[in-house]
Amino acid sequence: MSSDKSNKMQLWMQLINAETEGDLEMLEQTNVKEIQEAVLILREMSADEKMKELARRRELALSDKITDLEVSRAKGRAEGLEEGMQKGMQEGIEKTKNVFKLFMQGYNTWQIAEELGISEEQVKMIIN
């Protein structure tokens, strides 16, 4: 085997076993066009893989952010619903107290309804 062929074979083996950017830079400095082209292709492939990984990470981060927003929104709705129910119950208790207070003072159902701004039907439901 000629020295030139042996040298090229050795360069190809170094390329196959290259682990660092420094290894590739050293190989790129050779005057062997095929090796230089192979280093270029490796770098392009590596850049493509890095871009794919970056895109995948961005997509994952966006997906996580959307999930966090959906969870927060659902939690907010649940808290709002709970607060609304509590407020509604409190208002209902107050309204009931006022109906009975006026009823005990001798007001009739339509007078109570007028006084409290509710329907006579609601007054009757509370009293009965």
Side-chain angles (χ1 to χ4, degrees):
M1 200 184 296
S2 73
S3 171
D4 190 40
K5 266 190 171 182
S6 175
N7 188 31
K8 279 186 180 180
M9 185 92 97
Q10 193 174 24
L11 289 172
W12 280 111
M13 291 304 293
Q14 287 176 356
L15 180 62
I16 290 169
N17 294 318
E19 294 182 2
T20 66
E21 182 62 29
D23 293 342
L24 293 177
E25 286 174 8
M26 188 270 310
L27 288 165
E28 200 172 33
Q29 299 303 314
T30 67
N31 290 329
V32 180
K33 185 178 178 185
E34 294 87 358
I35 296 292
Q36 291 172 335
E37 288 174 359
V39 169
L40 182 64
I41 290 169
L42 276 174
R43 284 200 172 119
E44 287 173 356
M45 287 172 48
S46 177
D48 285 348
E49 288 302 314
K50 287 178 186 174
M51 292 304 290
K52 285 179 188 175
E53 180 62 19
L54 282 173
R56 187 189 69 75
R57 286 184 184 189
R58 270 190 240 119
E59 187 175 331
L60 186 59
L62 184 58
S63 175
D64 288 348
K65 188 177 274 190
I66 290 169
T67 299
D68 289 346
L69 286 172
E70 288 172 348
V71 167
S72 294
R73 190 174 291 135
K75 190 175 181 181
R77 282 188 190 128
E79 289 172 0
L81 181 61
E82 179 67 26
E83 287 177 23
M85 288 173 60
Q86 290 294 329
K87 185 177 179 186
M89 286 175 33
Q90 191 61 38
E91 288 174 359
I93 290 169
E94 287 300 314
K95 192 178 291 183
T96 301
K97 285 180 183 179
N98 290 333
V99 166
F100 278 112
K101 181 180 172 187
L102 293 174
F103 185 70
M104 297 304 283
Q105 292 176 0
Y107 284 68
N108 64 32
T109 56
W110 69 266
Q111 290 172 320
I112 295 170
E114 281 290 315
E115 183 72 26
L116 299 178
I118 60 175
S119 72
E120 193 173 354
E121 300 269 328
Q122 288 176 310
V123 173
K124 289 177 183 177
M125 283 177 44
I126 292 170
I127 293 173
N128 296 327

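Hydrogens, waters and symmetry mates play no part in the numbers below; they use all other heavy atoms, side chains included. Treat the numbers as computed from the prediction; the structure is a model and nothing was measured.
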Salt bridge (Lys or Arg N to Asp or Glu O under 4.0 Å), paired with Arg43, selected from Glu28, Glu49, Glu37: Glu28
Are Ile126 and Ile112 packed together at the side-chain level, in the sense that at least one heavy-atom pair is separated by less than 4.5 angstrom? no
Check step by step if side chain to side chain contact (heavy atoms under 4.5 Å, CB included) holds for Ile118 and Val99. CA-CA 10 Å; Ile118 60 175; Val99 166; 4.0 Å; yes
For residues Thr30 and Asn7, determine if any side-chain heavy atom of one lies less than 4.5 Å from a side-chain heavy atom of the other. no
In sequence, state the C-alpha distance, the side-chain angles, and the governing distance for Arg57 and Glu53, and then conclude on salt bridge (Lys or Arg N to Asp or Glu O under 4.0 Å). CA-CA 6 Å; Arg57 286 184 184 189; Glu53 180 62 19; 2.9 Å; yes
Are the side chains of Lys97 and Glu94 in touch, meaning some heavy atoms are under 4.5 Å apart? yes
Is Gln105 atom CD crowded by more than 12 heavy atoms from other residues, nucleotides or ligands, each under 6.0 Å away? yes
Of all heavy-atom pairs between Gly106 and Gln111, which one has the smallest distance, and what is that distance? O-OE1, 4.3 Å
Would you say the side-chain atoms of Gln86 and Glu82 include a donor-acceptor pair closer than 3.5 Å? yes
Please indicate whether Glu114 has more than 12 foreign heavy atoms, meaning atoms of other residues, nucleotides or ligands, lying under 6.0 Å from its CD. no
Does Met125 have more than 12 heavy atoms from other residues, nucleotides or ligands lying within 6.0 Å of its CE? no
Can you tell me if Glu121 has over 12 outside heavy atoms packed within less than 6.0 Å of its CD? no
